[in-house]
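Basis for what follows: all heavy atoms, side chains included, without hydrogens, waters or symmetry-related copies.
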Amino acid sequence: MLVTGFDIIFFWVARMIMMGIKFMGDVPFREVYIHGLVRDGDGNKMSKSKGNILDPLDLIDGIELDPLIKKRTTGLMRPEDAPKIEAATVKHFPDGIPSYGTDALRFTFASMATQGRDIKFDLGRVGGYRNFCNKIWNAARFVMMMCEQGDVADDKVEHGLVDRWIQSEFNRRTAAIREGFETYRFDLASQALYEFIWDEYCDWYIEFAKIDINDADLPASRKAAARRCLVASLEQSLRALHPIMPYVTEEIWLRLTPLIGKDGATIMNEGFPEAGDNVEDKVADATVSWLKAFVLGVRRIRAEFDISPSQQIPIKIFGSTAVESDYFEQCSRYIQRLSKASEIEVLDEPYADQAATAIAGETSIYIPLSDLIDRDAEVERLKKELTKLEKDRIAIDKKLQNPAFVEKAPAEIVENQRTRLAELNENIAKLNEQLAKW
């Protein structure tokens, strides 16, 4: 396989193919990966003569301002441009370039490897992916700390709800990650990795696992199972991430794997995760999806009304379906802790007094905040939410009124749109009820 930029495909690639056929009777390669041209932040082609290059080693190791200016103003085709280049360098890099590390830079370019012709290099993204490296490192430190506090179960243990959910979630992501690598869509592979590790594993699963491990009423076997899943899920993630971030993953993997009985010399000798390593669990997926919607609804209310994240608040719920009532029974421990609820009351009828509201599926969530919130602010929030839902409702209704869409679109998509329209109508009615109370 040959890797090349699109701008030299004729001059180099075509010539090599023709020369191979002419003199060797065969083409020199069967696959050509054509990537976009990396340009500077202003969209200009990077060139040493223009003084706008960025040395990858400077991004990895860092460089102070004076050496950077010297590097960018040496060997110019137009030496008279040196003052202008120096001024631009001081403007864009007043403190020089900090050290971002190899893995952050590699992940940046993988995430930017789209199918477009040009890539505008953004130093801010390198910083963001350095934070991602730090996030993984800190998550690994937490996992190892948790495992020091108790036993880690073997691989035949029966896992709890949230353990089954994170395994099922990784199972789905693995298929997308493998497809991204196999089809040279490194941007899609890196996106799937980032979303799973940061959004699902770090932001949600670790918080769930904390609750399980610190729950005095939970059996020791369940806590051991949670520790096992913490380690195993992270270990699988490291193997999937290794082709893009080899150094951080190697370092963590060697420290982590003894906890689950692995003694490999290097992560490089381990197999890439298979989609079948974890069984998809639709029940766990649906349950945790509802749980997340519930907690996010409460957090949104806290953010909108500037309520301290540490302040205990009462929560009342109404309208849950039989399935959602079962979800609540399974997830009440997580809801109590993650929502910082002083109490959770299940109502037999809609809450009649003034309250901030959120919706998780069919469940209405009420937070009585009469002493804490501004009535006018709550009315404005409900109106904004209604406007958004009404806009979505009109768009879907218009689509369903179009005979061409109904006749030509797959039946499954049409049915999904009808279901979504019914949900929107129901949510709009609920919000109107809440607005009427104010």
Can you find a heavy atom in the side chain of Gln312 that is under 4.5 Å from one in the side chain of Glu343? no
If you measure from NZ on Lys292 to CH2 on Trp204, what distance do you get to the nearest 0.5 Å? 6.5 Å
Lys/Arg N to Asp/Glu carboxylate O, Asp163 vs Arg222, below 4.0 Å: no
For Trp253 versus Gly264, what's the shortest heavy-atom pair and its separation? CZ3-O, 3.6 Å
May I ask you to check whether Glu169 and Tyr205 show a side-chain donor-acceptor distance below 3.5 Å? no
Heavy atoms, side chains only, cut-off 4.5 Å: are Pro246 and Asp103 in contact? yes
Minimum heavy-atom distance Glu235-Thr257, with the two atoms named: CG-CG2, 3.8 Å
Heavy atoms of Glu324 and Gly361 approach each other most closely as OE2-CA, 3.4 Å
Counting only heavy atoms from other residues, nucleotides and ligands, does the tally under 6.0 Å from CD of Gln149 exceed 12? yes
Thr266 (side chain) donor-acceptor with Met268 (main chain) under 3.5 angstrom: yes
Given 3.5 Å as the limit, does a donor-acceptor pair link the side chain of Arg302 with the main chain of Ser308, or not? yes
Is any side-chain heavy atom of Leu424 closer than 4.5 Å to one of Asp397? no
How about Trp290 and Val323: do any of their side-chain heavy atoms sit closer than 4.5 Å? no
Taking every heavy atom of Ala189 against every heavy atom of Ile177, the minimum-distance pair comes out as CB-O, 3.8 Å
Cationic N near anionic O, under 4.0 Å, Glu274 to Arg178: yes
Using atom types as modelled and distance alone, determine if a side-chain donor or acceptor of Thr357 lies under 3.5 Å from a backbone N or O of Tyr366. no
Counting distance only, does the side-chain N/O of Arg130 pair as donor-acceptor with the main-chain N or O of Ser99 below 3.5 Å? yes
salt_bridge(Glu385, Lys388) N-O dist < 4.0 Å: no
Kindly compute the distance separating CG (Leu431) from NZ (Lys383), expressed to the nearest 0.5 Å. 13.5 Å
Does any non-hydrogen side-chain atom of Ile244 lie less than 4.5 Å from one of Phe186? no
Rounding to 0.5 Å, atoms OH (Tyr129) and CE (Met245) come to a distance of 9.0 Å
With rounding to the nearest 0.5 angstrom, report the CG to CZ distance, Asp392 to Arg420. 6.0 Å
Could you tell me whether Arg172 and Asp285 make a salt bridge, using a distance below 4.0 angstrom between a side-chain N and a carboxylate O? yes
Do Pro314 and Pro368 come close enough that some side-chain heavy atom pair is under 4.5 Å? yes
Is any side-chain heavy atom of Leu291 closer than 4.5 Å to one of Tyr327? no
For Asp187 and Gln191, which I'm curious about, is there any donor-acceptor pair between the side chains at under 3.5 Å? no
Drop me the distance from Lys399's NZ to Ile413's CD1, to the nearest 0.5 angstrom. 9.0 Å
State whether the side chain of Asp199 and the backbone N or O of Tyr194 hold a donor-acceptor pair below 3.5 Å, judged by distance alone. no
Under 3.5 Å, side chain of Arg72 to main-chain N/O of Ile53, donor-acceptor pair present? yes
Just how far is it from atom CG of Leu68 to atom CZ of Phe93, taken to the nearest 0.5 Å? 6.5 Å
Between His159 and Arg228, is there a side-chain heavy-atom distance shorter than 4.5 Å? yes
Residues Ile301 and Ala356: closest non-hydrogen pair is CG2-CB, 3.6 Å
Would you say the ring centroid of Phe208 lies under 6.0 angstrom from that of Tyr201? no
Residues Thr321 and Glu362: side-chain donor-acceptor under 3.5 angstrom: no
Heavy atoms only: give me the nearest Pro243-Ala240 pair and the separation to one decimal. CD-O, 3.3 Å
A quick test of your reading: do over 12 heavy atoms of other residues, nucleotides or ligands sit less than 6.0 Å from CG of Asp151? no
Would you call Glu390 and Arg393 a salt bridge, taking side-chain N to carboxylate O under 4.0 Å as the test? yes
If the threshold is 4.0 Å, N to carboxylate O, is there a salt bridge linking Arg333 and Asp212? yes
Pair Glu207 + Arg337: basic N to acidic O under 4.0 Å: no
